[in-house]
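What you see is a predicted model, and the numbers here were worked out from it, not measured in a lab.
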Amino acid sequence: MKKFLFPVLFISTYAFAQIPAGYYDGTSGLSGYALKSKVHDIISEKNINRHYGDLTNYYNQTDLDKYYDHGATNTTILLDMYSEIPTGPDAYEYTTANIIGSAGAEGLGWNREHMMPQSTFYSNYPMYSDLFYVVPTDARINQLRSNYPYGIVGSTIYYTFTNSSRIGNCAIPGMTYTGRVYEPINEFKGDVARSLLYFAVRYEGKLGSFNFNNNTNPASDTNPLDGTEERAFDPAYIAMLLQWHTQDPVSQKEIDRNNAVYNLQRNRNPFIDNPSWVNAIWGQTPDTVAPQTPANLTVTQNSAYFSSLSWTPSTSTDVIGYKIYQNGTLVGATKNTTFSVDHLMPSTTYTFTVKAYDNGYLLSSDSNVASTTTLASDIYAKDLFVSKYLEGTSNNKALEITNKTGHPVNLSDYRLSIQFPSGTNYYFPDPYELEGIVQNNETFVVLNPDANFSCYTINQAKFVTAAPQMTYSGSQYLELRYKSTTVDAIGVSSTNNSSVLGNVSLYRKSTVNQPTTTFNLGEWDSYASNYCQNLGTLATSDVILTQNNEFKIYPNPVNDNIFVNGKTDTIKKAQILDFSGKVISTEQNPFKNKKNISVQNLTTGSYLLKLDDKVYQFIKR
């Protein structure tokens, strides 16, 4: 019988009681895609990404049926949304021991179902093992659902399952797609909608690189993603998800699962915590007027491998971003009015234009053209590089990656790859994708979640993952990739590297500032296994210290952002002054949510950074 499932009207106080204090700071007053982007930043930071093979055991914490036929808290029965019968006894039941690979009929066993099909993201981590949409379901129904989207079934029905969920032709109003869809029972339609909307928020910034409906044959294209980062789904599909979200409010089961997954992954489904955000984000009505054109596009910094651009924003109030074109080809998008186009060739002429786009995805006309010829050479690294490699005992695995390119780098197209032996051959499993922005002269660490270093914790790492790339034993070849191109290599491909990479901490020498596709042990200093001093920090030559060493500021000279290391949470006010003592800018509680002070609007020259009563000198390039 159905137990303990309460609609959202009755659980809001309970739900909010489970949210860590301050978790959603910064969302007040936001709506639309600005709210979505802010929530993305919150739920994407400091995640713990688990290994796909470990999910089976985690379901005993996240997916036990304490709500329907098994109200007892000590049940071992899994809750399967594809077979659960809320109004009576289930036709069959599973524990985690009943996992199987495939099945020829219902009721033979269960396996892991990607509610957002894994073909969407090519089975890459961290998407591959995200517990918020990888759930236990009957193996046969999982197989038959295949890569079909969830949807509303029309008059042609191919399968009806024991709990009355079904597969049939698509009848979603307004959808061009006419292929098969899987329609869950009403009891779980809201659960499905909130899981898919979580996916759209969590992986904003990557959605355009996923497998999506590109309209080449929309009648047969099974993926309802539309390639946009903000809206994410086809408008007709969004309308269906909003309808399902409304008709099936948040349940106690979802609240409990949200808290359990948070304990494992350290992030939350925002639409279980704040159901009203669904309509606040996707309920807007776009206008039909194209936005005004951005103006005054200029090249603010020219180098051998990148060019930094700046422009005056569009005057239209509904603009949500800008698209950047290099020689007429789209190369990036941003919500800001600055952008660094990277991976350019030295001594080459390029032209750039920018277009604004609004929340209806209408484009402005082109801005003015900005042209530049890149330098023949410069002082910067041509790309990111691995600066530390730690292969310690047990799960003590860590990689440090450094940006000395001279500009901020978007990590969305970067990934870590590892090579494993298979008999006499070698293969690359699906990679681990990075995300977010890394500033110039900034380092970050990728860490195994079960690492236990004496001088570095998982709370300090930017990325924490048990993906295959962070399970190396010292014999495997590792590489940092940009898209499909090798950027930096650790070890030698198709070789056992244990004599070089096993039981050792390798630190890139301070004289090495460029990545290389050919590993050279002479570029590294070697330390004992588990050595981790200064992991995640720049070399001393890159940091300016004050006399009392309380804070470290870097880089110096600076381009766009100056970073501060130390106990910055105690700083109440940061000011930038010129040498006459004139205050140029002031920030209250400047490091509440960040570690940097923007100086991109300063003209070239020398300045003072005042942090409460301490003053530091720096040079703006």
What residue among Y389, Y531, W524 forms ring pair (Phe, Tyr, Trp, His ring centres under 6.0 Å) with Y507? Y531

Please determine whether the number of non-hydrogen atoms from other residues, nucleotides or ligands lying under 6.0 Å from atom NZ of K382 exceeds 12. no

Sort and list the pairs that fulfil disulfide (SG to SG under 2.5 Å) and have at least one residue in residues 587-621, not counting sequence neighbours. none

Is any side-chain N of the basic residue among E435 and K206 closer than 4.0 Å to the acidic one's carboxylate O? no

Residues which pass salt bridge (Lys or Arg N to Asp or Glu O under 4.0 Å) with K594, listed by chain and number, not counting sequence neighbours: E587

Disulfide (SG to SG under 2.5 Å): which pairs involve residues 450-497, sequence neighbours left out? C455-C532

Does the side chain of I324 reach to within under 4.5 Å of the side chain of V341, using non-hydrogen atoms? yes

Crowding at CD, Q600 (>12 non-hydrogen neighbours, <6.0 Å): yes

Does the side chain to side chain donor-acceptor pair (under 3.5 Å) test come out yes or no for E433 and N124, once each step is laid out? CA-CA 7 Å; E433 296 191 11; N124 292 354; 2.7 Å; yes

Could you pull out all residues at least two apart from Y305 that satisfy ring pair (Phe, Tyr, Trp, His ring centres under 6.0 Å)? none

Over 60° means perpendicular and under 30° means parallel, so classify the ring planes of F199 and Y133, tilted if in between. perpendicular

For L478 against Q469, the heavy-atom pair lying closest together: CD2-O, 3.6 Å

Flag yes if more than 12 heavy atoms outside K572 fall under 6.0 Å of its NZ atom; otherwise flag no. no

Does NZ or CZ of R50 come closer than 6.0 Å to the centre of the six-membered ring of Y52, within 45° of the ring's axis? no

Taking only residues two or more places apart in sequence, or in another chain, which ones meet R257 in a side-chain hydrogen bond (donor to acceptor under 3.5 Å, both in side chains)? D63

Return a table of donor-acceptor pairs under 3.5 angstrom between the side chains of residues 490-498 and protein atoms on other chains or two or more places apart.
residue	atom	partner	partner atom	Å
S493	OG	Q419	OE1	3.4
S493	OG	Q419	NE2	3.0
T495	OG1	S493	O	3.1
N496	OD1	S498	N	2.9
N496	OD1	S498	OG	2.8
N497	OD1	V492	N	2.8
N497	ND2	S475	O	3.4
N497	ND2	V492	O	3.0
N497	ND2	T495	O	2.9

